[in-house]
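Below, chains carry the letters A, B, ... as their sequence lines are ordered, and counting in each starts from 1.
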Protein chains: 2
Amino acid sequence: MLKAQFDHTNCSDCPIRHRAVCAHCDADELEELEDIKYYRTFEAGQTIIWSGDQMNFVGSVVSGIASLTQTMEDGRTQMVGLLLPSDFVGRPGREAAPYDVQATTDLVMCCFRKKPFEDLMNTTPHIAHRLLQMTLDELDAAREWMLVLGRKTAREKIASLLSIIARRDASITPKDKPAPIVFDLPLTREAMADYLGLTLETVSRQISALKKDGIIQLEGKRHVTIPDMRRLMEEAGDDSDGGFLV
Amino acid sequence: MLKAQFDHTNCSDCPIRHRAVCAHCDADELEELEDIKYYRTFEAGQTIIWSGDQMNFVGSVVSGIASLTQTMEDGRTQMVGLLLPSDFVGRPGREAAPYDVQATTDLVMCCFRKKPFEDLMNTTPHIAHRLLQMTLDELDAAREWMLVLGRKTAREKIASLLSIIARRDASITPKDKPAPIVFDLPLTREAMADYLGLTLETVSRQISALKKDGIIQLEGKRHVTIPDMRRLMEEAGDDSDGGFLV
DNA sequence: CAGAAACCTTGACCGAGATCAAGTGGAACC
DNA sequence: GGTTCCACTTGATCTCGGTCAAGGTTTCTG
């Protein structure tokens, strides 16, 4: 019975695009899930899990943005993942979190208590399969990002990040993709720097440069317009206009 | 029946430490597997799969080392993964390879034709589960490496790489872990540079520096002795002496 | 053994990005 | 309205690692 409830392969009419189990559609009408599923909200800046903590839930982001961060003893930090709505958090079969998870913006998460979720996964091959596919997606994204971190210049890094956000944003509000893409940056300059392996000053300078060169337009500090996505992607050194994942 | 053959959870007596399905123990005596499982050998430098190619098999490394590499149009390359013996290659459910796979040394792989392997996976929850765990391990490793690429200095990068190789090597030949660790570098300076996001000159210089400072000892260009693993790990800026994975 | 081809080392110089420092703009709070 | 705080920008300088160049070793080949 539980199984049936989670076994939707596609929920295309749901406002959240599911990539895994269906966690959102039928939120209210299923009382019998109360003890396994629940919602949590976090404020911007709040830490959801500290590295090393026991994690007794898995879940997915409903709205807002979370980040996965690793920190060295001397304080250097590197963001290792960015969780946008519909992204999955948690590691079935693992006890401790390997990095900090923080709410970058105000955040709503749909959580499942870990043990029952694992049971569900073990008895529902479809869910295990979905989870594997999602983990492979994350692995692809992480490796794509290794190229960005290891080999791209500061300008290319910024362009790469803007590309990703623009693309994810565009696909979440699936308009007919008109030429100019408009969105609000969900990250501070410092958070971008942590993601890109740069300093916040360099981020600021490169954004200014891209603006001066007409690759992007800025209104205030966060509101971005991309007049020509193709030019941005050229700047990112990334002509494989296909499968860039976050 | 097939299922039973693959359903060994542990094969500790096998020379290859399995992290997933048991692919090696019973290589010869199972004729009925002939059509799904086979061995392939590659010479050092040979490309196993080109990025974008169809991949009609999955498998694991039996001996030797393979690398996963991404390349930009202008020739900049970044290694995004290093496959040591027992590591798994391939992406169940995916068609094309997302990066080049190359034999760094002479290599033996144990391959399974992809379609039957996927069928096996779908009917054997244990295998799917194992695969998920392995993919999570790889994801952890990739994210750990993002910190290396994004935030560590050249010297720390080299020390990190040597740590990883030393640890993997030590666990494959599980002696009682005597104080000095000895191994042969399986990578050229250029391959190390590609893994670390450096140039080969910088790699060479930093190795020389670590040698001068007594952190490592070199005999020839490849034979490394680490007198004190703890010092090396300090140099790597990596005091979490626990779970560093490749 | 000579010659060539990898692979590696070392030096000199340069530049992208880090660091240090000052200043701007806007929102919140009294 | 003024003060404070925070996020951001911009400038000046420094430094780590890249680039270019030369030379050394080892191994393979004729």
Residue pairs passing the salt bridge (charged side-chain N to carboxylate O under 4.0 Å, His left out) test with at least one member in residues 192-203 of chain B, sequence neighbours excluded, are A:R151-B:D194
Sequence neighbours excluded, the answer for side-chain hydrogen bond (donor to acceptor under 3.5 Å, both in side chains) partners of B:T71 is none
With a 4.0 Å cut-off (strictly under) to non-hydrogen atoms of chain B, the first and last hit nts on DNA chain D, 5' to 3', are D:dG17 to D:dC20
Residues pairing under salt bridge (charged side-chain N to carboxylate O under 4.0 Å, His left out) where one sits in residues 214-227 of chain B, two or more places apart or in two chains, turn out to be none
Chain A vs DNA chain C, heavy-atom contacts under 4.0 Å, first-to-last nucleotide span, 5' to 3', is C:dG17 to C:dC20
Residue set satisfying salt bridge (charged side-chain N to carboxylate O under 4.0 Å, His left out) with B:D228, at least two apart, ordered chain then number -> none
Verdict with reasoning, B:T202 to B:T199, per side chain to side chain donor-acceptor pair (under 3.5 Å): CA-CA 5 Å; B:T202 299; B:T199 60; 3.1 Å; yes
Chi angles and distances behind the side-chain contact (heavy atoms from CB on, under 4.5 Å) call for A:W145, A:D140
CA-CA 8 Å; A:W145 206 250; A:D140 281 347; over 6 Å; no
Rounded to 10°, the helix from C:dC1-D:dG30 to C:dC30-D:dG1 deviates from straight, judged by its five-pair end axes, by 30°
Nearest heavy-atom approach of A:L149 to A:G197 is CD2-N, 3.9 Å
Sequence neighbours excluded, the answer for side chain to side chain contact (heavy atoms under 4.5 Å, CB included) partners of A:V182 is A:H223, A:T225
Within residues 196-205 of chain B, the residues having a heavy atom closer than 4.0 Å to DNA chain D are B:G197, B:L198, B:T199, B:E201, B:T202, B:R205
In short, B:P85 meets B:G64 closest at the heavy-atom pair CD-O, 3.4 Å
Between A:I207 and A:R151, the residue closer to the 5' end of DNA chain D by nearest nucleotide is A:I207
Closest non-hydrogen contact found for A:Y195 with A:Q78 is O-NE2, 3.0 Å
With sequence neighbours left out, the residues meeting side chain to side chain contact (heavy atoms under 4.5 Å, CB included) with A:A44 are A:D106
Heavy atoms of B:D137 and A:R94 approach each other most closely as OD1-NH2, 2.9 Å
Contact check, residues 182-190 of chain A vs DNA chain C, heavy-atom distance under 4.0 Å, returns none
### Message
Considering every strand and a 4.0 Å limit on heavy-atom distances, what is the contact class for B:R155: base, sugar-phosphate, or nothing?
### Response
nothing
Salt bridge (Lys or Arg N to Asp or Glu O under 4.0 Å) test vs B:E235 passes for just one of B:K152, B:R155, B:R230, namely B:R155
Are there more than 12 heavy atoms of other residues, nucleotides or ligands under 6.0 Å from atom CD of B:Q46?
yes
So side chain to side chain donor-acceptor pair (under 3.5 Å) across residues 47-57 of chain A, not counting sequence neighbours, yields A:T47-A:Q102
